[in-house]
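Note sheet for the following structure.
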Amino acid sequence: MLSRNCGLGVAILAIVVILTTTMAAETHVSKQAFGHTADGAAVDLYALSDGKVEVRIMTYGGIIVSLRTPDRNGKLDDVVLGFDSVDQYIAKNTPYFGALVGRYGNRIAHGSFQLDGKTYSTPKNNGDNTLHGGIRGFDKVVWAGKQIADGVELTYVSKDGEEGFPGTLTATVRYTLKGSALRIEYSASTDKDTVLNLTNHSYFDLAGQGRGDILGHVVKIDAERMTPVDAGLIPTGELKAVAGTPFDFRRPHAVGERIDVNDEQLRLGGGYDHNFVLDHASGVLAEAAEVYEPSTGRVLQVLTDQPGVQLYTGNFLDGTITGKEGRVYQRRFGLCLETQHYPDSPNHPSFPTTELKPGEKFHSVTVFKFSAGSR
Ligand code: GLA
């Protein structure tokens with residue numbers, strides 16, 4: 001009798017364990033009003049939680065507003081830079097904190113490119129160049145939001161000629177969270193030949209946002225080559241081997257280990273602000289980079305099917321921005337890994353193409369996967 005009861009107890013316990021694990025694996029998604037833009041458009045905030053990681057994303061700019069992940073002791077902290085309210089994102093001239101960047105992420109030299117024999121001009125908002133889609137890029141528009149399983153789907157229709165780019169472009173970005181992995185799935189279609197380069201511009205500090213610089217973060221990037229730049233941070237066209245340079249992250253290195261060594265490329269970028277040519281085949285989702293923060297044990301793995309990733313070490317942050325929780329963002333307080341095509345590709349026929357034609361569907365996936373532990 002006793003053994004039969006015992007057996008029943010074990011069976012019930014097993015069911016409870018299975019149920020709680022299944023329940024914990026389910027992602028909870030909720031939506032709330034988050035304010036308005038200057039011209040009165042309503043902005044919503046979607047909160048995603050998979051039981052371990054919590055992400056909040058708003059429809060203005062598709063911005064990741066906060067991202068809370070556990071450290072090695074299970075303590076949650078927000079690991080991305082940003083602001084507490086939509087008003088601040090609009091008023092404070094944010095350097096793309098957490099934003100969806102488009103239609104063309106990174107730079108287009110001299111605000112000009114040719115497509116099908118025609119010359120197109122885009123706004124010069126970064127010296128003589130176009131940066132991150134122009135004056136009003138995808139980071140500064142309100143996307144239409146829709147709740148989906150495990151996340152949110154955002155859609156934006158960019159008009160023909162918007163910021164100088166040809167073709168009406170319908171862009172859809174799905175953010176989903178599952179198993180401590182935030183998946184960003186981009187798709188787009190156009191009604192005229194155009195160019196596009198979509199990315200997310202989150203600034204990570206895995207020790208907790210605004211707590212200090214990211215020089216102690218240990219980075220690995222699976223890239224044998226990078227694209228050197230000129231003084232305007234425009235690629236020269238060369239694919240340069242990283243071996244023997246401070247850009248060799250094939251084995252893990254702390255960001256600060258070589259960032260201030262005497263190197264022309266580091267001087268031009270004021271630190272790391274460069275595109276790495278990923279080793280894996282373009283179009284195949286694979287690990288591209290990994291970041292480890294020793295004091296908290298947090299790990300970020302970046303997977304992508306894009307051919308490149310821009311490592312930007314927050315060199316332009318200068319203490320003039322006060323962000324979430326009243327924290328002041330000093331130089332190098334954030335680290336970005338912007339999965340992308342190479343900068344200025346429309347002016348470099350030898351780079352993987354960023355052209356999209358009517359009838360084609362652009363599709364791309366990037367995953368930010370979080371864990372924690374000791375090394
Ligand atoms: C990208 C660029 C940087 C800088 C930041 C935003 O990472 O490559 O040069 O413009 O965005 O400040």
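Note that this is a predicted model, so its numbers are computed, not measured. Counting starts at 1 for both ligands and their atoms, following the listed order.
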So which protein heavy atom does [atom] come closest to, and at what separation?
atom                    : result
atom 10 (O) of ligand 1 : L131 CD2, 3.2 Å
atom 7 (O) of ligand 1  : E338 OE2, 2.8 Å
atom 6 (C) of ligand 1  : Y203 OH, 3.7 Å
atom 9 (O) of ligand 1  : D273 OD2, 2.4 Å
atom 1 (C) of ligand 1  : H132 NE2, 3.1 Å

query: Salt bridge or not for K146 and E153, using N-O below 4.0 Å?
result: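 Counted as a salt bridge, because a side-chain N and a carboxylate O are separated by less than 4.0 Å.
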query: Salt bridge check: are E325 and R327 linked by an N-O gap of less than 4.0 Å?
result: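 Salt bridge between E325 and R327, a charged N being under 4.0 Å from a carboxylate O: yes.
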- request: Identify, by atom number and element, the atoms of ligand 1 in contact range of Q310, meaning under 4.0 Å from any of its heavy atoms.
  value: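 Here the atoms of ligand 1 in question are 8 (O).
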field: Member of T199, D273, T339 meeting the side chain to side chain donor-acceptor pair (under 3.5 Å) criterion with Q310
entry: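 Among T199, D273, T339, the one meeting side chain to side chain donor-acceptor pair (under 3.5 Å) with Q310 is D273.
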Minimum side-chain heavy-atom gap F165-Y120 below 4.5 Å: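 Heavy-atom side-chain distance check fails, nothing below 4.5 Å.
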- prompt: For the residue pair F247 and F276, does the interplanar ring angle fall in the parallel (under 30°), tilted (30 to 60°) or perpendicular (over 60°) class?
  reply: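 If you compare the ring of F247 with that of F276, the planes turn out tilted.
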